[in-house]
Amino acid sequence: MYCYRLSVPSYMDSTSTAEADYAVFLEKVKRTVYIDNLSPQVTESVMRTALGQFGTVKNVQFIPNYTGPKNIPRCALVEMECRRQAEAVVSEITQFPFMMSGMPRPARAFRAEVEMFDDRPIKPGRRIQCRWVDRKDPDFEVASKIKCLVRKHAAEDLFLLQQQLAQEEKLAKQQEETLKANYKKFTIIDNVVSDGTAPGLAKFYNMKVFDA
């Protein structure tokens, strides 16, 4: 079994350049928003248009899904121009339902964290050491339990996502039926008004249909 350990060496193995790069990265994290529960139909242009009302969107990075079905909710990291704009996005989406692409799925927004970036630089003073673990090694049992736990969490997460998708599909059908019914009603009203039936009835019953 293969595992890794994190170690912090006692000597300074990072240069001032690495520290400066990491500081720049931390500033980027502060002005980035993590948005999930997105419809699979949401694209980068949709994200830029939807969040452009809060400020300037510098970058949109969708986090790929390698394990679940393609129709599960998507998530993305959205970098705004400044930290204030990122906080405005989180505050607004947290307080009010925020829809994208007309799906019955309100998006959720959170402040981004360092671990969410797959291209994050190495933290100065931190080094990852990898090694093979033999069955006789004390860490083998721990690594095995972690592996089983990860699989269990993945299965539970997939089950919950499937239940969520089923509920959303049911809600989408209900909304579609309601929309069609309302459209039919407005069409009937529009036809009655345009063909002169409504004004004739109003005149017959001495009623006012339109305000002058």
Side-chain angles (χ1 to χ4, degrees), residues 28-81 83-120 144-191:
K28 175 183 177 181
V29 174
K30 293 178 182 178
R31 61 176 181 265
T32 301
V33 181
Y34 171 79
I35 300 181
D36 68 352
N37 214 31
L38 294 171
S39 165
Q41 284 75 33
V42 173
T43 61
E44 180 176 346
S45 60
V46 172
M47 295 285 291
R48 290 182 176 274
T49 302
L51 301 180
Q53 57 184 302
F54 302 104
T56 303
V57 179
K58 297 187 63 177
N59 183 48
V60 177
Q61 178 186 354
F62 286 98
I63 301 177
N65 168 46
Y66 298 105
T67 58
K70 294 182 179 180
N71 61 335
I72 66 172
R74 305 179 71 188
C75 53
L77 292 171
V78 182
E79 181 185 356
M80 304 300 292
E81 188 175 24
R83 182 176 182 178
R84 178 179 55 82
Q85 295 178 1
E87 292 176 348
V89 173
V90 175
S91 176
E92 188 72 15
I93 296 182
T94 301
Q95 296 182 46
F96 306 101
F98 196 83
M99 304 287 189
M100 293 188 190
S101 293
M103 297 293 290
R105 177 187 291 158
R108 299 177 298 190
F110 307 91
R111 294 180 179 178
E113 298 180 5
V114 173
E115 292 76 15
M116 296 177 178
F117 296 81
D118 56 358
D119 59 345
R120 61 183 181 272
S144 299
K145 289 182 179 179
I146 293 177
K147 185 177 180 180
C148 294
L149 188 61
V150 169
R151 290 180 176 177
K152 179 182 177 181
H153 287 172
E156 293 174 347
D157 184 57
L158 179 60
F159 175 78
L160 292 175
L161 286 174
Q162 291 174 342
Q163 297 298 315
Q164 180 182 352
L165 290 173
Q167 294 178 359
E168 290 178 353
E169 184 178 356
K170 182 179 179 180
L171 179 59
K173 291 182 179 179
Q174 294 176 351
Q175 291 180 341
E176 184 179 2
E177 293 174 356
T178 302
L179 180 62
K180 290 181 178 180
N182 291 335
Y183 178 77
K184 185 176 181 180
K185 292 178 183 178
F186 284 118
T187 301
I188 294 174
I189 294 174
D190 184 65
N191 293 335

*Is Arg48 salt-bridged to Glu44, cutoff N-O under 4.0 Å?*
yes
*asked:* For the residue pair Ser91 / Gln95, report whether a side-chain donor-acceptor contact shorter than 3.5 Å exists.
replied: yes
_Could you walk me through whether Val89 and Phe98 satisfy the side-chain contact (heavy atoms from CB on, under 4.5 Å) test, starting with their C-alpha distance in whole Å, then the side-chain angles of each, then the deciding distance to 0.1 Å, before giving a yes or no?_
CA-CA 10 Å; Val89 173; Phe98 196 83; over 6 Å; no
*Is there a side-chain contact between Val57 and Met80, using heavy atoms and a 4.5 Å cut-off?*
yes
*Output, in order, the C-alpha distance, side-chain angles, deciding distance and verdict of side-chain contact (heavy atoms from CB on, under 4.5 Å) for Phe62 and Val60.*
CA-CA 7 Å; Phe62 286 98; Val60 177; 4.0 Å; yes
*Are Arg31 and Glu79 ion-paired here, with the side-chain N under 4.0 Å from a carboxylate O?*
yes
*What closest approach, in Å, do Pro106 and Asn37 show between heavy atoms, and which atom pair accounts for it?*
O-ND2, 2.9 Å
*State, to 0.1 Å, how close Ser45 and Thr43 come at their nearest heavy-atom pair, and which atoms those are.*
OG-OG1, 3.0 Å
*What closest approach, in Å, do Cys75 and Tyr34 show between heavy atoms, and which atom pair accounts for it?*
CB-OH, 3.5 Å
*Taking atom CD of Gln162 and atom CG of Asp157, what is their separation to the nearest 0.5 Å?*
10.0 Å
*For residues Ala107 and Leu38, report the shortest heavy-atom separation together with the two atoms involved.*
CB-CD2, 4.0 Å
*Can you name the nearest heavy-atom pair linking Met100 to Ala50, along with the distance?*
CE-CB, 3.9 Å
*asked:* Using the rule given for side-chain contact (heavy atoms from CB on, under 4.5 Å), can you reason through Leu51 versus Val33, listing the C-alpha separation, both sets of side-chain angles and the distance that settles it, and then say yes or no?
replied: CA-CA 11 Å; Leu51 301 180; Val33 181; over 6 Å; no
*Rounded to the nearest 0.5 Å, how far does CG of Leu77 lie from CG of Asn59?*
9.0 Å
*Just how far is it from atom NE2 of His153 to atom CZ of Arg151, taken to the nearest 0.5 Å?*
14.0 Å
*Say you draw a straight line from CD1 of Ile189 to NZ of Lys185; how long is it, rounded to the nearest 0.5 Å?*
9.0 Å
*Out of curiosity, Met116 CE to Gln61 CD, how far, rounded to the nearest 0.5 Å?*
12.0 Å
*Side-chain contact, heavy-atom cut-off 4.5 Å: Arg111 with Lys30?*
no
*Any donor-acceptor pair under 3.5 Å linking the side chain of Asn182 with the backbone of Thr178?*
yes
*Answer yes or no: does atom CZ of Arg84 have more than 12 heavy-atom neighbours from other residues, nucleotides or ligands under 6.0 Å?*
no
*Taking all atoms of both residues into account, what is the closest heavy-atom pair of Val42 and Arg74, and its distance?*
O-NH1, 2.9 Å
*Dump the intermediate steps for side-chain contact (heavy atoms from CB on, under 4.5 Å) on Val78 and Met47, then the final yes or no.*
CA-CA 8 Å; Val78 182; Met47 295 285 291; 3.4 Å; yes
